[in-house]
Amino acid sequence: MRSLLFVPGDSVRKLEKALASQADALLIDLEDSVALEAKDEARRITAQFLQENVAGNQRPRFYVRVNGLSTGLIEADLDRIMPAAPDGVVLPKAVGGADVAALAARLSTHEAGSGRAATRILAIATENAAGVFALGTFAGSSDRLMGLAWGGEDLSADLGASSNRTDSGAYADPYRLARTLTLLGAASAGVAAIDAVYTNFRDMQGLEAECREARRDGFVGKMAIHPAQVAIINAAFAPTADEIARARAVVAAFAGNPGAGVVGVDGEMLDRPHLLRAERLLDRAGGAT
């Protein structure tokens, strides 16, 4: 998934608009964007939206961001949305693999006897300091885990910071560290690394630059807070025709030389890490959205 668009779960209008956004996934929110007194209504609207759209063709994936494990609200969230069969659940403020395992157990209970595919989990893993320290614990936590995302907004509040960015607009050091550790944690767990939201939804140039940097480093997608951001994110994380051609040439060179540790492509000597990189790019290009 390249683009993952947050949508408040209590707004029918915004949910309908998001369907036409071309986002690869909608992250339907029952957490931060929904006031406490509106939680029940958001659950009702979200469940109805899922029931009406989950069987549609060419739809985005539907993930629901539930309230955190320690809030006392998550069971009501799951009781209402799980019968509507979302593709996945977003776990906010996750503190390592233990939290993922705990959510996975709850999902198994809700799915018992349904016969449907296992609901996937996307964990937002850096929303507090404890989560940052636990980024190395996700490997083996659950087969449901499909990705780790990072975010600097809640983390800055947890740290008591006045801002998470410097005067130049770049992330300050604590957040660059959280971003890097999320990338490493995702690689260690064998799941997708998803970049944080870009909160200035009118600054498309800044968004594009941040997307390019994220893709360069190994992130495969980015969360969005506004439909206008989706097209830029999709374009930035989609392999270009030249990249696909190059990757196919690398794969073909190794296939034509079975057992070789090093092959030559366009005058460059390449080894197995280059093959792995090419295979991953082709996997993304082949529609792993």
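Taking the side chain as every heavy atom from C-beta outward, R248 and I244 approach each other to under 4.5 Å. Residues T119 and E111 form a side-chain contact, since some pair of their non-hydrogen atoms from C-beta on lies under 4.5 Å apart. Side-chain atoms of V66 and M82, non-hydrogen and from C-beta on, never get closer than 4.5 Å to each other. Counting only heavy atoms from C-beta outward, the side chains of I81 and L30 approach each other to under 4.5 Å. Side-chain contact between L26 and F49 is present, with at least one heavy-atom pair separated by less than 4.5 Å. Counting heavy atoms from C-beta on, the side chains of L207 and I233 come closer than 4.5 Å. Residues F254 and E279 have side chains not in contact (no heavy-atom distance under 4.5 Å, counting atoms from C-beta outward). At least one side-chain heavy atom of F237 sits less than 4.5 Å from a side-chain heavy atom of C211.
Connection of L183 to F133 is not established within any shared hydrophobic cluster, with ILVMFWY side chains joined at heavy-atom distances below 4.5 Å, either directly or through further cluster members. L135 and M146 fall into different hydrophobic clusters, where Ile, Leu, Val, Met, Phe, Trp and Tyr residues are linked whenever their side-chain heavy atoms come under 4.5 Å apart, directly or through other members. Side-chain heavy atoms closer than 4.5 Å link hydrophobic residues (I, L, V, M, F, W, Y) into clusters, and following such links, even through other members, never connects L91 to V197. Criterion: ILVMFWY side-chain heavy atoms under 4.5 Å apart, direct or through other members. Under it, V34 and L15 are not part of a common hydrophobic cluster. No continuous path of hydrophobic side-chain contacts links M223 to W150 [ILVMFWY only; heavy atoms under 4.5 Å].
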Self-check item: Residues M1, V220; criterion side chain to side chain contact (heavy atoms under 4.5 Å, CB included); working and verdict
Solution: CA-CA 7 Å; M1 294 186 287; V220 300; over 6 Å; no

Practice problem: Before giving the answer on side chain to side chain contact (heavy atoms under 4.5 Å, CB included), spell out for Y63 and L4 the whole-Å C-alpha distance, their side-chain angles and the decisive distance to 0.1 Å. | Solution: CA-CA 9 Å; Y63 277 58; L4 301 89; over 6 Å; no

Exercise. Report the C-alpha distance between L69 and K93 in whole Å, list the side-chain angles of each, state the deciding distance to 0.1 Å, and finish with yes or no for side chain to side chain contact (heavy atoms under 4.5 Å, CB included).
Key: CA-CA 8 Å; L69 290 170; K93 299 173 179 64; over 6 Å; no

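Expressed to the nearest 0.5 Å, how far OG1 of T46 lies from CZ of R65 amounts to 12.0 Å. For the atom pair R165 CZ and N200 CG, the distance stands at 9.0 Å (nearest 0.5 Å). Taking CZ of R43 as the reference point, atom CG of D10 lies at 11.5 Å (rounded to 0.5 Å). Here Q48 contributes atom CD and I45 contributes atom CD1; the two are 8.0 Å apart, rounded to the nearest 0.5 Å. Between the CG atom in D203 and the CD atom in E210 there is a gap of 9.5 Å [rounded to 0.5 Å]. S142 contributes atom OG, which lies 12.5 Å from atom CG of D99 (distance to the nearest 0.5 angstrom).
Closest heavy-atom contact between I194 and F219: C-CD2, 3.6 Å. Nearest heavy atoms, N128 versus L155: C-CD1, 3.7 Å. Here the closest non-hydrogen pair linking R144 and S108 is NH2-OG, 3.0 Å. Smallest separation of non-hydrogen atoms from A149 and L122: N-CD1, 4.1 Å. Shortest non-hydrogen contact noted between D195 and R179 is OD1-NE, 4.0 Å. Annotation for Y198 and Q229: closest pair O-NE2, 2.8 Å, computed over non-hydrogen atoms.
By the neighbour-count criterion of 12 heavy atoms within 6.0 Å, atom CZ of R202 is sparsely surrounded, having that number or fewer from other residues, nucleotides or ligands. In the displayed structure, R13 atom CZ is contacted under 6.0 Å by at most 12 heavy atoms of other residues, nucleotides or ligands. The 12-atom threshold is exceeded at CD of E268, counting heavy atoms of other residues, nucleotides or ligands nearer than 6.0 Å.
Counting only distance, with no hydrogens or angles, the side chain of T182 and the backbone of A178 share a donor-acceptor pair below 3.5 Å. S21 places no side-chain N or O within donor-acceptor distance of the main-chain N or O of K17, the cut-off being under 3.5 Å. For D158 (side chain) and D154 (main-chain N/O), no donor-acceptor pair under 3.5 Å exists by modelled atom type. Of the possible polar contacts, none joining the N67 side chain to the T71 backbone as a donor-acceptor pair under 3.5 Å is found. Under a 3.5 Å cut-off, the side chain of K39 and the backbone N or O of E31 do form a donor-acceptor pair. Formation of a donor-acceptor pair under 3.5 Å by the D87 side chain with backbone atoms of F62 is found in this model. A donor-acceptor pair under 3.5 Å is absent between the side-chain atoms of K222 and the main chain of R2, judged by distance alone. In this structure, the side chain of T126 does not engage the main chain of V132 through any donor-acceptor pair within 3.5 Å. One N or O on the side chain of N234 and one on the backbone of Q22 form a donor-acceptor pair closer than 3.5 Å. Remark: the backbone N or O of A161 is not paired with any side-chain donor or acceptor of S156 at under 3.5 angstrom.
With respect to V64, the side-chain contact (heavy atoms from CB on, under 4.5 Å) criterion is satisfied by exactly one of V90, L50, L27: L50.
Connectivity analysis of hydrophobic side chains (ILVMFWY, heavy atoms under 4.5 Å, direct or indirect) links V95 to nothing; its cluster partners are none. The other residues sharing a hydrophobic cluster with L36 are L73, where clustering joins ILVMFWY side chains under 4.5 Å apart.
A salt bridge links D266 to R246: one of the charged nitrogens lies within less than 4.0 Å of a carboxylate oxygen. A salt bridge does not link R176 to D173: none of the charged nitrogens lies less than 4.0 Å from a carboxylate oxygen. Using a cutoff of 4.0 Å between basic side-chain nitrogens and carboxylate oxygens, D77 and R106 are not scored as salt-bridged.
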